[in-house]
Structures are given as C-alpha cells and as structure tokens.
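Here's the structure we're looking at; comments come further down.
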Amino acid sequence: MKAFDSNYKLLDEMYQDEYYPDFLVDKVKAELQKVIDILERGETDTEVIQEKLDEAVCAVNDLQDEFDENDSEIETVARDCIGTTVGYILEWFGIPIDVEEAIRERDW
C-alpha cells in the first residue's frame with residue numbers, strides 16, 4: 001500500500017482563485033479524497049477504481065447549483081484543475097486509466 005504524495009496540494013489552482021469559494025472546493029476535494037482512500041488501501045482493480053471515480057465526478061456534478069448560488073461555476077479553470085488533479089492521482093498510484101475516461105461522467 002502506498003500513501004498519496006503529501007507534498008501535492010489537491011486543487012491548489014482553485015484554492016488560489018477567489019472565484020471559487022473554499023468551502024465548495026473543499027467539497028470537491030473530499031470527493032477526490034474518497035478515490036485516494038481506496039487507492040491508499042491498495043485497490044488496483046481498474047473497474048472498482050473507475051466506479052469510485054464515477055461516483056466522485058457525479059458528486060461534483062451535483063455541486064454545480066451550489067457553485068452558481070455562490071456566484072461561481074465549474075468552468076474552464078476548474079475543469080482543467082480537477083482533470084489535472086485526477087491525472088496526478090492516477091499517475092501517482094500507477095493506475096492505467098486515461099484522464100478523460102476517469103472523469104467521463106462530468107457534465108461541466
């Protein structure tokens with residue numbers, strides 16, 4: 001079992017941009033942390049991992065109204081940031097899932 005990179009700041013670009021309320025970025029981060037948690041426990045089955053990614057992305061989809069209510073939205077910078085973060089997580093753990101496939105359930 002491998003621990004996630006303690007030096008990597010999840011969603012750092014979103015946290016640095018005041019356009020994204022920190023409490024909402026925290027919610028996105030919490031969903032990605034669920035994926036990290038199963039990977040840290042040693043999960044390597046790509047179907048199981050993809051299922052957890054789908055759940056995380058669907059949960060992020062569900063946050064869109066909350067972003068809107070706070071004069072924000074999951075747009076280009078956020079999409080890129082989330083995609084880059086997912087890519088880093090998969091690479092760190094050596095999971096052979098393409099980023100586009102990993103976030104296939106997104107509607108943002």
Side-chain angles (χ1 to χ4, degrees):
M1 291 186 290
K2 180 177 181 179
F4 186 62
D5 183 355
S6 61
N7 293 317
Y8 187 82
K9 295 179 180 164
L10 296 171
L11 307 171
D12 190 46
E13 191 173 2
M14 289 178 73
Y15 280 114
Q16 298 303 318
D17 191 330
E18 291 181 12
Y19 181 66
Y20 308 105
D22 283 354
F23 80 96
L24 289 174
V25 181
D26 289 344
K27 290 182 180 187
V28 175
K29 180 181 175 182
E31 293 304 323
L32 296 178
Q33 186 61 51
K34 293 174 185 176
V35 175
I36 292 169
D37 291 346
I38 69 161
L39 294 169
E40 285 183 328
R41 289 194 296 269
E43 186 60 66
T44 58
D45 183 327
T46 55
E47 287 184 29
V48 172
I49 296 165
Q50 184 62 60
E51 185 176 304
K52 186 56 81 174
L53 285 161
D54 289 345
E55 290 173 13
V57 170
C58 287
V60 173
N61 290 346
D62 293 343
L63 293 172
Q64 289 184 100
D65 287 342
E66 210 171 338
F67 272 91
D68 286 341
E69 291 164 9
N70 287 277
D71 300 319
S72 185
E73 65 180 301
I74 301 173
E75 43 67 77
T76 306
V77 171
R79 283 192 298 266
D80 290 348
C81 182
I82 294 167
T84 299
T85 299
V86 168
Y88 187 89
I89 292 166
L90 294 172
E91 185 178 321
W92 179 263
F93 287 102
I95 305 302
I97 299 174
D98 179 72
V99 174
E100 287 302 312
E101 182 66 14
I103 57 175
R104 66 186 178 189
E105 293 295 328
R106 74 189 180 284
D107 62 11
W108 25 268

Subject >> Met1-Ile36 co-clustered via ILVMFWY side chain contacts under 4.5 Å >> reply: no
**OP:** Step by step, work out the side chain to side chain donor-acceptor pair (under 3.5 Å) result for Asn70 and Glu66.
**Re:** CA-CA 6 Å; Asn70 287 277; Glu66 210 171 338; 5.2 Å; no
Original post:
At what distance, to the nearest 0.5 angstrom, does CZ of Arg79 lie from CE of Met14?
Top reply: 11.0 Å
Original post:
Closest approach of Val35 and Ala56, non-hydrogen atoms and distance?
Top reply: CG2-CB, 4.0 Å
Original post:
Between the main-chain N or O of Asn61 and the side-chain N or O of Gln64, is there a donor-acceptor pair closer than 3.5 Å?
Top reply: yes
Original post:
In Å and rounded to the nearest 0.5 Å, what is the CG to CG distance from Asp68 to Leu63?
Top reply: 11.0 Å
**OP:** Please answer whether the main-chain N or O of Asp22 pairs with a side-chain N or O of Lys27 as donor and acceptor at a distance below 3.5 Å.
**Re:** no
Original post:
Is there a salt bridge (charged side-chain N to carboxylate O under 4.0 Å, His left out) between Arg106 and Glu100 once you walk through the steps?
Top reply: CA-CA 10 Å; Arg106 74 189 180 284; Glu100 287 302 312; 2.7 Å; yes
Original post:
Where do Ile97 and Leu90 come nearest, in terms of heavy atoms and distance?
Top reply: O-CD1, 3.4 Å
**OP:** With sequence neighbours left out, write down each residue that passes salt bridge (charged side-chain N to carboxylate O under 4.0 Å, His left out) with Arg104, or none if nothing qualifies.
**Re:** Asp54, Glu101
Original post:
Going by heavy atoms in the side chains, are Ile89 and Leu10 under 4.5 Å from each other?
Top reply: yes
Original post:
Yes or no on side-chain contact (heavy atoms from CB on, under 4.5 Å) for Ile103 and Leu53, after CA distance, side-chain angles and deciding distance?
Top reply: CA-CA 7 Å; Ile103 57 175; Leu53 285 161; 5.8 Å; no
Subject >> Distance, nearest 0.5 Å, that separates SG of Cys81 from CG of Asp17 >> reply: 9.5 Å
Original post:
When you look at Val28 and Leu24, which way does the side-chain contact (heavy atoms from CB on, under 4.5 Å) test go after all the steps?
Top reply: CA-CA 7 Å; Val28 175; Leu24 289 174; 5.9 Å; no
Subject >> Contacts of Glu55 that satisfy salt bridge (charged side-chain N to carboxylate O under 4.0 Å, His left out) - sequence neighbours left out >> reply: Lys52
Subject >> Test item: Trp108 and Val57 side chains (from C-beta on) under 4.5 Å apart, heavy atoms >> reply: yes
Original post:
Which pair of non-hydrogen atoms, one from Leu11 and one from Lys29, has the smallest distance, and what is that distance?
Top reply: CD1-N, 3.5 Å
**OP:** Might you point out which heavy atoms bring Ile49 and Ile38 nearest each other, and give the distance in Å?
**Re:** CA-CD1, 4.1 Å
Original post:
Between CG of Asp5 and NZ of Lys2, what distance do you get to the nearest 0.5 Å?
Top reply: 8.5 Å
**OP:** Could you check whether the rings of Phe4 and Phe93 sit parallel, tilted or perpendicular, using 30° and 60° as the cut-offs?
**Re:** parallel
**OP:** Assess whether atom CD of Glu91 is packed by more than 12 heavy atoms of other residues, nucleotides or ligands within 6.0 Å.
**Re:** no
**OP:** Write down the atom of Tyr19, the atom of Ser72, and the distance for their closest heavy-atom approach.
**Re:** O-OG, 2.8 Å
Original post:
Taking Trp92 for the side chain and Gly87 for the main chain, is one N or O donor matched with an acceptor at less than 3.5 Å?
Top reply: no
Original post:
Rounded to the nearest 0.5 Å, how far does CG of Leu39 lie from NZ of Lys34?
Top reply: 14.5 Å
**OP:** Kindly give the heavy-atom pair with the smallest separation between Tyr8 and Thr84, and that separation in Å.
**Re:** OH-O, 4.1 Å
